[in-house]
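Data first, discussion second: the structure below is written as structure tokens.
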Amino acid sequence: MTIEYLHTMVRVKDLDTTIAFFKLLGLEETRRMDSEGGRFTLVFMSPPGQENAHVELTYNWDGDDGLPSDSRHFGHLAYRVDNIYETCQHLMDNGVVINRPPRDGHMAFVRSPDNISIEILQRGRNLGPMEPWASMENTGHW
């Protein structure tokens, strides 16, 4: 048996805001599908050169009031970056809260505008503790 990873789907409330957030992470829109009959839009985003590693953003035109509200059945998305400190600073400079700062130079967590947990991991060896990150406290949930 062979299995192939396709994508992770998350429902979003504000498509433009969520796309802007994932662009801050470095993802690009690779495909979009609007369904007039189903009244939804699907947007697939991937890191450059990794077009098969999709996050599928599902936007229901009429809202999600009839859907279950507990998004915690979903764990998180994880992305590896070249410099976790630079990535977190870029996100903070653009208004993103760093829920779990990269105190160890290895791992951080943020949340998308739709409350989706995003794990950011350092590529290769940990960068080691660095201020202001080393003394930052957690903010909210991650």
Side-chain angles (χ1 to χ4, degrees), residues 1-35 38-142:
M1 179 174 104
T2 302
I3 190 166
E4 178 185 4
Y5 172 79
L6 295 177
H7 63 266
T8 299
M9 183 278 269
V10 294
R11 285 188 175 82
V12 303
K13 294 180 182 178
D14 182 324
L15 188 58
D16 292 334
T17 300
T18 302
I19 288 171
F21 171 81
F22 280 102
K23 284 183 176 181
L24 284 174
L25 285 176
L27 278 67
E28 300 172 344
E29 184 174 327
T30 58
R31 187 168 38 129
R32 180 183 290 245
M33 185 187 93
D34 293 314
S35 173
R39 303 200 42 76
F40 64 85
T41 298
L42 303 180
V43 174
F44 292 85
M45 299 189 74
S46 303
Q50 300 177 52
E51 287 72 25
N52 291 325
H54 299 295
V55 66
E56 173 190 329
L57 308 176
T58 299
Y59 174 71
N60 293 307
W61 299 352
D62 300 321
D64 287 330
D65 293 337
L67 298 172
S69 62
D70 182 7
S71 66
R72 295 307 299 159
H73 291 280
F74 172 81
H76 64 269
L77 299 173
Y79 294 98
R80 191 175 348 230
V81 298
D82 290 329
N83 186 306
I84 196 164
Y85 294 134
E86 289 177 5
T87 299
C88 288
Q89 188 63 57
H90 170 70
L91 293 171
M92 277 182 49
D93 290 348
N94 284 278
V96 175
V97 172
I98 309 298
N99 300 104
R100 195 276 192 194
R103 290 183 291 273
D104 55 4
H106 173 69
M107 177 181 66
F109 273 88
V110 297
R111 291 225 175 206
S112 77
D114 298 286
N115 212 26
I116 303 300
S117 290
I118 310 292
E119 180 181 25
I120 303 169
L121 296 168
Q122 173 62 40
R123 182 181 318 278
R125 296 177 44 192
N126 297 358
L127 297 183
M130 176 188 248
E131 292 298 341
W133 312 103
S135 46
M136 277 184 161
E137 297 292 323
N138 292 344
T139 303
H141 300 283
W142 45 277

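What you see is a predicted model; the values in this text were computed from it and never measured.
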Is there side-chain contact between Leu57 and Tyr59, with at least one heavy-atom pair below 4.5 Å? no
Should Arg32 and Leu15 count as side-chain neighbours, where that means a heavy-atom distance under 4.5 Å? yes
Looking at CZ of Phe109 and CD1 of Ile120, how far apart are the two atoms once the value is rounded to the nearest 0.5 Å? 9.5 Å
Are the side chains of Leu77 and Ser117 in touch, meaning some heavy atoms are under 4.5 Å apart? no
Hey, are the side chains of Thr18 and Ile116 touching, using non-hydrogen atoms and a 4.5 Å cut-off? no
Can you tell me how far the CD1 atom of Ile19 sits from the CG atom of Leu24, to the nearest 0.5 Å? 12.5 Å
Atom CZ of residue position Arg80 - does it have more than 12 heavy atoms of other residues, nucleotides or ligands inside 6.0 Å? no
Least distance between heavy atoms, Ser46 atom then His54 atom: OG-ND1, 3.0 Å
At their closest point, which heavy atom of His76 faces which heavy atom of Glu119, and how far apart are they? NE2-OE1, 2.9 Å
Considering all heavy atoms of both residues, which atom of Arg11 and which atom of Asn60 are nearest to each other, and what is their separation? NE-ND2, 3.9 Å
Give the minimum heavy-atom separation between Ala53 and Pro47, together with the two atoms involved. O-CD, 3.6 Å
Summary of salt bridge (Lys or Arg N to Asp or Glu O under 4.0 Å) pairs that have at least one residue in residues 98-108, sequence neighbours excluded: Arg100-Asp104
Which pair of non-hydrogen atoms, one from Met136 and one from Pro101, has the smallest distance, and what is that distance? CB-CG, 3.5 Å
Heavy-atom check, side chain of Val10 versus side chain of Asp114, under 4.5 Å: no
Could you work out, with side chain to side chain donor-acceptor pair (under 3.5 Å) as the rule, every residue matching Ser135, not counting sequence neighbours? Glu131
Considering non-hydrogen atoms only, spot the tightest contact between Trp133 and Tyr85 and give its length. CD1-CD2, 3.2 Å
Thr30 side-chain N/O to Phe44 backbone N/O, donor-acceptor pair under 3.5 Å: yes
Partner of Phe22 under side chain to side chain contact (heavy atoms under 4.5 Å, CB included), picked from Leu27, Val43, Val12, is Leu27
Separation between CD1 (Ile84) and CG (Leu121), nearest 0.5 Å, reads 6.5 Å
With Arg123 via side chain to side chain donor-acceptor pair (under 3.5 Å) - residues at least two apart: Asp82
Taking Asp16's backbone N and O only, do any of them form a donor-acceptor pair with Asp14's side chain (distance below 3.5 Å, no angle check)? yes
CE (Met33) with more than 12 external heavy atoms under 6.0 Å: yes
For the pair Asn99 (side chain) and Gly140 (backbone), establish whether a donor and an acceptor sit closer than 3.5 Å, ignoring hydrogens and angles. no
Glu86: partners by salt bridge (charged side-chain N to carboxylate O under 4.0 Å, His left out), with sequence neighbours left out: none
What residues form a side chain to side chain donor-acceptor pair (under 3.5 Å) with Glu28, not counting sequence neighbours? none
Short side-chain to backbone donor-acceptor contact, Gln89 and Thr87, under 3.5 Å: no
Within-4.5 Å side-chain heavy-atom neighbours: Leu91 and Leu25: yes
Could you tell me whether His106 atom NE2 has more than 12 heavy atoms of other residues or ligands within 6.0 Å of it? yes
Applying side chain to side chain donor-acceptor pair (under 3.5 Å) to Thr58 and not counting sequence neighbours gives Glu56
Within the side chain of Asn115, is there an N or O that forms a donor-acceptor pair under 3.5 Å with the backbone of Arg111? no
